[in-house]
Amino acid sequence: MLDKTYDPSEIEPRLYEGWERAGAFACDPNSNAAPYTIMIPPPNVTGSLHMGHALTFTVQDTLIRWQRMKGRDVLWQPGTDHAGIATQMVVERLLEEQGTSRRALGREEFVERVWQWKAESGGTITQQLRRLGASLDWPRERFTMDDGLSVAVRKVFVDLYREGLIYRDRRLVNWDPKLQTAISDLEVENLEVKGSLWHIRYPIEGEPGRLITVATTRPETMLGDTAVAVHPDDARYRDLVGRNAILPLVGRRLPIVADEYSDPEKGTGAVKITPAHDFNDFIVGQRHRLPMPSILDRQARVVLAEIDDSLTMVDGVADPAFVRSLEGQDRNAVRRAIAAELERLGLLEKTEPYTHQVPHGDRGGVPIEPLLTTQWYCNAEVLAKPAIEAVETGRTVFVPKQWENTFFAWMRDIQPWCISRQLWWGHRIPAWYGPDGRVFVAASEDEAKAEARAHYGRDEALTQDEDVLDTWFSSGLWPFSTLGWPEKTKELARYYPGDVLVTGFDIIFFWVARMMMQGMHFMGDVPFRTVYIHGLVRDERGQKMSKSKGNIIDPLELIGKYGADALRFAICALTGPGRDVKLSASRVESYRRFVTKLWNAARFCEMNGIRPDDTFDPSRATLPLTRWILDALNRAITEADAALEAYRFDEYAAACYRFVWDTFCDWFVEFAKPALDNAEVKQTAAYVLGTVLRLMHPAMPFVTEELWDRFGFGAPCSLIRAPWPEPVAVADAEAARAELDWVVRLISEVRSVRTETHVPPGTPTPILLRDATAETLERGGRWIEAIRRLARASEFAPLAGEVPKGAAQLVLDEATVVLPLAGIVDVGSERTRLTRERDKASGEARKIAQKLDNADFVRRAPEEVVEENRDRLAAMQADIARLEAALLRIG
RNA sequence: GGGCGCGUAGCUCAGCGGGAGAGCACUGCCUUGACAUGGCAGGGGCCACAGGUUCAAUCCCUGUCGCGCCCACCA
């Protein structure tokens, strides 16, 4: 006997273990079935399950379970990402607590510690994914720094280097002074900052008293100024072009150059040029062959080494001693000191409050500093071309399609990808340097040595590049590196390309684009045929979830409270195309009620001896009731399958919900109650239950499997691989639908009238039909038990004689249903009700009549639309006439 | 500055050329043997605004307003 309530906390872990132990999640490379592959977006090894994960993995697991039931040989490839910066930060924080540090340990020891940490704590998220019910093929779990994957990374690096697509370059990078590494453009986040705009006066050389004022938000970088730029057409400054300004504090001579970069509308129209500390200034500097002194070090502290020799004393303007006092100070302190000094010298014209966007590192959270460094770059422009083409030609499609534009926009204007990072945790760059600085790029140190020997003619000591690769460089290989590439494995041949990639739009650039580029380049084919992009999870007010806002909902908490099924179903139900998912605990709670409803429907079946029966053939059902429910089930199956096919998880959920709750529980079970002695009804109920369990399994794997097992629809833990439901042939479905539709309408209408005329709920009343056809009366006779129970009828019969005084009346098709309730029914309410019904119908009829009176409508609208309106008008008018008659009778 | 998305019931959203829908919330009634995590019934909407196309517009087009996001810029 099923318990009265369903308790997921005990059942879910047990079932998951059962599946996993049975190998139910495993793909079968030797299978004859068509493969279906989804590559998990590998979560950071530091991660713990958040709502975004819950969304993306619920969607993936739903697809995977659906396809598995459809008989495909599914591979859902699990794994985690080494997440260079994130992981290094976590372990560094840990070391700090232990009173030591990365630098104190040294590189080798530190990396060893990270591996240790990974062994101990890196499995958190994979355990949490199990609680969500994710049916990943765990024995195939990979980590982006596994040996095999590292081989792939090195091969890719070496190949691209040899093709000239990876190279070293000295240029400005986004430097994170907190993490002390370069980061890519994508890892930069613009934040609004309330700062100041300083207007600084630069004296003109050889013209005492004349000044040119520049406006800047970063006075501290002026130490590195090497020019002042004005627009060539700017009349205010035309005579100054070609002359020099004197850089305050430093005393350096700055050429005043004409450059279109300068915008006369902005600031003062004259802009200071600091090529080593600003991306635009860097370009201007290149154009005018300006020196590019760096005045900030890797921690954004002032260093004077590159400007020392240009420090000059200029009375009242420049003071090398002051500048030297800034050495080693942080950029923020220097900003204040410089502003104060300029103020003192009378060179600060004004300071305005100024709100502007400042680029910050998205990990470290501090403003990034453009720094001139040598880094490794990947020529993404070349790699992007085949990837763009693959999407243009539809070899990979995005769902929803509009995301293709986002993809194109970025890919068509892609910048060189800085792939080196100044970290210790990650794939170390396979490049070694000889004593003369010559670089040898090779898959291993031995190979590099061999190359060096060939080059130098003898053994030379080589030193490996200190940097590691951007994490996304290795995750970009995920779709094939996990399958054994560069080995030609059976899995690689079978499961590449994948069928669908599921992810959020926020990583289209980071990851999807890189997989497309690297997949096209190294596999010669797209990594996946479909990219399904889901929205972001937000709180119920539509706010992004964040720690600082304190609006984070923890999926594990929800699973603990409501069960994984409820959470998963809520996610499906809320996941519309191109929409963010606004989730609240109350939504999950309401779907927990749905789980309970299903559970109790099953409990009803169990209590009434409804059991699986393999001998039952639904296509041979004979009763209107069984044909009706089987037909409705057919439609639910068709809708659900089409919805999943179209990635409409919301529609899939809705189709399940409506069928189970509205059709099966609210009507079928009620109709079946008086007919439980009928074998066909019971067999049908069992069949429908079993089918519903299969239909809902992808979204609600646990409760469905539990019921499947308990009822013995199959062996324990077998629903996961049970066949996906298909519609069955139902004879005379149309007639069954018409009949049950009539019964439902009769019962609903009678209930409605009873409530509105204040008939006490417990009081049975006769249901008498006026003007009913013989067919209608027979039909009612067939359903007399249901009508008795559900419409509280004491009898169902044709009306003999006139409608009695004080009766309630309602119009149902050709018949007028009379409830003779003299003394019980509230006549006043009944008159009001009938009048309202009549007026509603008249209003509707008037609108239709107007339409039909319009000659243009009749002439130009499609015939069937005109016909439909004529029919509706006729039906409406008949109803009105019957309602009028009923009103007359009531007096 | 460029682009994308969204404004439909109190809330969250579906619908998308011919009769305004769902869930939750709300109101009233009902502890009937599956389920009160339930049942039955009910109220609630110039489908953001203004034009246009059309026989017909919540739906298509244009514009306006509002909200959100992405990219670029960021003196």
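What you see is a predicted model; the values in this text were computed from it and never measured. Below, chain A is the first sequence line, B the second, and so on; all start at residue 1.
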Review point. So, is A/K582 near the phosphate of B/rC11, with a side-chain N or O under 4.0 Å from OP1 or OP2?
Key: no
Point to revise | Pairing nucleotide - B/rG19, Watson-Crick or G-U, each distance under 3.5 Å | key: none
Review point. Rounding to a whole Å, what distance do you find between A/K597:NZ and B/rG39:C1'?
Key: 7 Å
Check your understanding: Expressed in whole Å, how much space separates the P atoms belonging to B/rG2 and B/rC60?
Key -> 24 Å
Review point. Mind checking the P distance from B/rC4 to B/rG44? Whole angstroms is fine.
Key: 40 Å
**Study point:** For B/rU54, the Watson-Crick or wobble partner whose two distances fall under 3.5 Å
**Key:** none
Practice item. Name the orientation class of the two ring planes belonging to A/Y354 and A/H356 (parallel below 30°, tilted from 30 to 60°, perpendicular beyond 60°). Key: tilted
Practice item. Could you give the distance separating B/rG63 and B/rG1 at their P atoms, to the nearest angstrom? Key: 16 Å
Check your understanding: Whom does B/rU32 pair with, Watson-Crick or G-U wobble, provided both distances fall under 3.5 Å?
Key -> none
**Study point:** Residue of the set A/R836, A/R751, A/R833 for which salt bridge (charged side-chain N to carboxylate O under 4.0 Å, His left out) holds with A/E756
**Key:** A/R836
Practice item. Report the distance from atom CG of A/L254 to atom OH of A/Y202, rounding to the nearest 0.5 Å. Key: 6.5 Å
**Study point:** Phosphate OP1/OP2 of B/rC55 contacted by A/R859 side-chain N/O (<4.0 Å)
**Key:** no
Check your understanding: Partner of B/rC47 by Watson-Crick or G-U wobble geometry, both contacts under 3.5 Å, or none?
Key -> none
Exercise for review: Kindly assign one of parallel, tilted or perpendicular to the pair A/Y657 and A/F594, based on the angle between their ring planes and the thresholds 30° and 60°.
Suggested key: tilted
Review point. Which whole number of Å gives the distance between the C1' atom of B/rG10 and that of B/rG45?
Key: 11 Å
Revision key, fill the gap. Re B/rC69: Watson-Crick or G-U wobble partner, both distances kept under 3.5 Å, found to be B/rG3
Exercise for review: Taking atom types as modelled, find out whether A/D225 and A/T274 have a side-chain donor-acceptor pair closer than 3.5 angstrom.
Suggested key: yes
Check your understanding: Now, which nucleotide makes the Watson-Crick or G-U wobble pair with B/rU27, with each of the two distances under 3.5 Å?
Key -> B/rA41
Exercise for review: Using only side-chain N and O atoms of A/R648, determine if any of them is under 4.0 Å from OP1 or OP2 of B/rG15.
Suggested key: yes
Exercise for review: Taking atom P in both B/rG21 and B/rC46, compute the distance separating them and give it to the nearest angstrom.
Suggested key: 15 Å
Point to revise | A/L558 CG - B/rU37 P separation (whole Å) | key: 20 Å
Review point. On a whole-Å scale, what distance lies between the C1' atoms belonging to B/rC47 and B/rU8?
Key: 4 Å
Review point. OP1 or OP2 of B/rG5 sitting under 4.0 Å from any side-chain N/O of A/R579?
Key: no
